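This report concerns only the one structure given below.
In listed order, ligands and their atoms are each counted from 1. Note that the numbering runs from 1 along the sequence shown for the chain. None of the values given here were measured: they were computed from a predicted structure.
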Amino acid sequence: MTEATQQKIRLVCAHCNTINQFPVTRLDDMPICASCKQPLFNQKPIETDANGLIRHIDNSGVPVLVDFWAPWCGPCQNFAPVFNQFATAVGNQMRLLKVNTETHQQAAMDFNIRSIPTLALFRDGREVARMSGALPLPQLQQWVVEQLTQGN
Ligand SMILES: [Zn+2]
């Protein structure tokens with residue numbers, strides 16, 4: 001067995017919150033949750049709360065992008081379809097989360113969110129970039145790629 005096949009990554013199940021661990025080589029074979037047997041990726045952003053957010057950030061073998069939003073925020077509403085499209089585009093390469101800062105105010109406080117929408121990008125358990133305001137899809141993709149390739 002080579003080193004590459006032994007390398008394991010962790011991912012939190014969006015359905016039951018179980019932390020799954022599996023070889024990184026299986027990332028592209030539609031991995032399912034060891035506990036509830038649901039797919040670990042479903043091409044959609046995952047709605048989460050303060051605890052779930054930290055659990056995902058601390059246990060994701062892929063980069064995590066979080067959309068902090070609120071129902072009363074017009075730009076947030078407009079951005080929602082863009083974020084959905086991005087989730088489909090990135091497939092299993094990233095974890096996309098949504099946090100409703102109105103119902104989960106603790107999450108907004110934990111991460112010092114001062115305006116919405118705010119996008120925060122995490123890798124290996126730490127924040128690597130943050131941006132306030134909505135973006136069209138091509139600019140969002142470009143921003144993420146730039147942040148992840150800047151030697152963080
Ligand atoms: Zn599960």
Side-chain angles (χ1 to χ4, degrees), residues 1-73 76-113 116-132 134-135 137 140-141 143-145 147-149 152:
M1 216 188 266
T2 69
E3 222 167 88
T5 58
Q6 288 175 332
Q7 192 187 345
K8 297 229 171 125
I9 66 168
R10 282 183 293 177
L11 273 179
V12 178
C13 174
H15 306 280
C16 71
N17 271 331
T18 295
I19 297 169
N20 283 260
Q21 188 164 322
F22 56 89
V24 67
T25 47
R26 279 202 42 226
L27 191 57
D28 291 328
D29 323 322
M30 302 284 288
I32 60 167
C33 174
S35 177
C36 73
K37 312 298 180 196
Q38 297 282 322
L40 285 171
F41 290 95
N42 62 0
Q43 318 274 301
K44 281 187 280 192
I46 299 165
E47 298 270 359
T48 193
D49 58 14
N51 290 336
L53 179 57
I54 290 167
R55 192 171 174 88
H56 276 282
I57 289 168
D58 287 345
N59 298 284
S60 280
V62 295
V64 177
L65 181 63
V66 186
D67 174 16
F68 291 92
W69 70 287
W72 48 261
C73 156
C76 299
Q77 307 278 10
N78 293 338
F79 181 66
V82 173
F83 203 59
N84 287 342
Q85 286 169 26
F86 189 56
T88 305
V90 296
N92 300 359
Q93 303 307 309
M94 287 185 72
R95 220 16 159 187
L96 266 60
L97 306 177
K98 285 181 73 119
V99 175
N100 181 334
T101 56
E102 185 155 275
T103 49
H104 306 300
Q105 295 181 6
Q106 185 62 45
M109 287 199 293
D110 288 349
F111 288 88
N112 202 20
I113 302 302
I116 50 169
T118 286
L119 293 172
L121 181 63
F122 299 84
R123 186 160 67 185
D124 300 329
R126 66 186 186 90
E127 184 171 339
V128 295
R130 175 179 291 207
M131 186 181 50
S132 295
L135 285 177
L137 185 60
L140 173 62
Q141 287 172 316
W143 180 75
V144 168
V145 168
Q147 302 309 318
L148 291 177
T149 52
N152 286 302

Exercise for review: Compare every heavy atom of L121 with every heavy atom of M94, then report the nearest pair and how far apart it is.
Suggested key: CE-CD1, 3.6 Å
Review point. CZ/R130 to CD/Q147 distance, rounded to the nearest 0.5 angstrom?
Key: 12.5 Å
Review point. If you take all heavy atoms of F68 and I116, which pair is closest and at what distance?
Key: O-CG2, 3.5 Å
Practice item. Might you point out which heavy atoms bring R95 and V12 nearest each other, and give the distance in Å? Key: NH2-O, 2.6 Å
Exercise for review: Could you pull out the N/O/S protein atoms under 2.8 Å of the Zn ion (ligand 1), ignoring any water?
Suggested key: C13 SG, C16 SG, C33 SG, C36 SG
Review point. Could you go step by step and tell me if M30 and F41 meet the side-chain contact (heavy atoms from CB on, under 4.5 Å) rule?
Key: CA-CA 7 Å; M30 302 284 288; F41 290 95; over 6 Å; no
**Study point:** Flag, side chain of T118 to backbone of S132, donor-acceptor distance under 3.5 Å
**Key:** no
